[in-house]
Amino acid sequence: MPDYALMNQCLYEGKAREVEQMTRDALAGGCSVREVLLEGLIAGMSVVGEDFKHNVLYVPEVLIAARAMKAGMTVLKPLLGPGGDTNSTGRLLIGTVRGDLHDIGKNLVCMMAEGAGFQVKDIGVDQSVEKFLAAADEFKPDVVGMSALLTTTMSYMKVVVDGFEQRGKTGIKLAIGGAPTSQAFADEIGADGYGADASGAVDLFLSLLEKKNAPAQ
Amino acid sequence: MNPAKIPLLEVLRVRRLVCDGAMGTQLMLSGLEQGSCGEAWNLSHPDRVQAIQGRYVAAGADCLITNTFGGSRLLLRRHGHERDFEAINTAGARIARQAFGGRPGFVLGDIGPLGALVEPYGELPAAEAQSHLEEQARTLVIAGVDAVIIETQTSLEELGLAIDAARAAGAPCVIASLAYDLSADQTFYKTMMGVSPEQAAEFAAGHGADIVALNCGTGMDMTGAARVARIYRENCTLPIMVQPNAGRPVLENLKAVYKQLPADMARGVPEVLAAGVGIVGSCCGSAPEHTRAIRQALDAFGG
């Protein structure tokens, strides 16, 4: 049994080489890919997320931890194989909405979501509703995340939400985030949820997945 | 140079100054479309930019910040205005000077964040960041600004590069301004990158900035500005400048708007001045009326 607590600690401290080696060792010792992913990597990243939410860690530490996570993932990814999807937490399509060129926060969300086991498709900044819809058709996400930093561009999120609504029952959950947004805003535009920060966003994606996958009433 | 020809730092030794308020929202009120390049208006609508700054002067601003926040080549490129880099920055300095209409006043050449994280945390190479910052600082200094203000900074890496760039460009005065967010438990302020006011004060002083400042940030109002200013005062001897937001944003017609009334904002001014602040301005959500209220509060405090 590998020392997952130590592995989590190394990931927390951003020791990429150690995390990579421990991932290899755990596999060599007969642990399943899924166990190493969940207990070695994702568990470590979730502590990082919690501490980020509570201002114990800030962006630089999160980025370094995410890099260590990635180092472990490079070992696991080839083993996930073509059926790799079955091992992923869910599929996230994400972008910054039209008129807004900011992406530091969105990129952080991508990293944290990958750290939680999501398959992430990032379509970048300044994205129209048409682009979101086309990307969703292709990628088939469980959740679509929208980001905006400007008080003036956040209203475009409603255009994207409306665009998905007009599609009818796609089952895709819509999440929003970014400095000027709030739960009240999410409610007002009809989004399924709001994440206050990168860590809160991942919590939100997970809870939306649960709702999505819950058997229909 | 400003007509008075007395350098900003010397004036600050004898009196406190008022700086202007928000530019972006004013540009939009004047017709700028959301998401388009406000800095490009220095060339396409210089009259409107000057009219906004003129209103701030009329409201009592001693300092105007040039409309060049996103004026680095890197950011202008995103909007397809890279070719106009030099003209936009030069015009920004000229428009602000003209807005004073011959009266004495200080033009602060604005450099905002590059919008990407500098390595080792992000992917923007430090050398590239440095060349963008140097180029913008040089252009603003040649255009005759009285100071370079480096605003909305969150990491000491980028701030350090920008201070170096302004110094290398021969800026007469360098202002280092950070954006702090209020912690989840509302007990302290740090930047997104984890920089505390204590660290920033020490860094700005040690790195050769002339004035340490704060602007914008989540949950940064006039009262929060006083809190951070007190920490600055305890940790360095540099003059201090603050530009807090007009309260906290509220939701209105699908937009986050700052609605703190000028009088409510000005109520926090004495506390800020008591903390030793030398320049008081304002950021998101503020308008000339806020500047006027700050002016009155500052004058009532005894300049």
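Within every chain, numbering begins at 1; the chains are lettered A, B, ... in the order of the sequence lines, protein sequences first and strands thereafter.
In this structure, A:Glu20 places its CD atom where more than 12 heavy-atom neighbours from other residues, nucleotides or ligands lie under 6.0 Å away. By the neighbour-count criterion of 12 heavy atoms within 6.0 Å, atom CG of B:Asn253 is sparsely surrounded, having that number or fewer from other residues, nucleotides or ligands. Shown here is A:Lys70, whose NZ atom has no more than 12 heavy atoms of other residues, nucleotides or ligands within 6.0 Å. With a 6.0 Å radius and a threshold of 12 heavy atoms from other residues, nucleotides or ligands, A:Glu13 has its CD atom above the threshold. Within a 6.0 Å sphere centred on CD of B:Glu123, other residues, nucleotides and ligands contribute 12 heavy atoms or fewer. Counting heavy atoms of neighbouring residues, nucleotides and ligands inside a 6.0 Å radius, atom CZ of A:Arg98 does not exceed 12 of them.
Contacts between A:Asp103 and chain B at a heavy-atom distance below 4.5 Å involve the side chain alone, from C-beta outward. For B:Thr154, no part sits under 4.5 Å from any heavy atom of chain A, backbone or side chain.
From A:Thr152, atom OG1 reaches atom CD of B:Glu33 across 11.5 Å, with rounding to the nearest 0.5 Å. Between the CD atom of A:Glu61 and the OH atom of B:Tyr121 there is a distance of 7.0 Å, given to the nearest 0.5 Å.
Heavy-atom pairs under 4.5 Å with chain B peak, among A:Ala196, A:Ser182, A:Gly99, at A:Gly99. Most heavy-atom pairs under 4.5 Å with chain A, from the set B:Thr218, B:Leu251, B:Leu75: that is B:Leu251.
Nearest heavy atom pair, residue B:Pro120 against residue A:Arg67, reads O-NH2, 2.7 Å. A:Pro180 approaches B:Ala256 most closely through the heavy-atom pair O-CB, 3.6 Å.
Taking the side chain as every heavy atom from C-beta outward, B:Phe188 and A:Asn55 approach each other to under 4.5 Å. The shortest distance between side-chain heavy atoms of A:Thr153 and B:Lys255 does not fall below 4.5 Å. Between A:Val125 and B:Arg78, the closest side-chain pair of non-hydrogen atoms is not below 4.5 Å. Counting heavy atoms from C-beta outward, A:Ile104 and B:Leu117 have side chains that approach closer than 4.5 Å. Counting heavy atoms from C-beta outward, A:Tyr58 and B:Met192 have side chains that stay 4.5 Å or more apart.
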_Please evaluate residues B:His79 and A:Leu101 with respect to the criterion side chain to side chain contact (heavy atoms under 4.5 Å, CB included), reporting the C-alpha separation (whole Å), side-chain torsions for both, the decisive distance (0.1 Å), and the verdict._
CA-CA 9 Å; B:His79 288 284; A:Leu101 301 173; 3.4 Å; yes
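Just one residue in the list A:Met154, A:Met157, A:Glu188 forms a side-chain contact (heavy atoms from CB on, under 4.5 Å) with B:Leu254, and that residue is A:Glu188.
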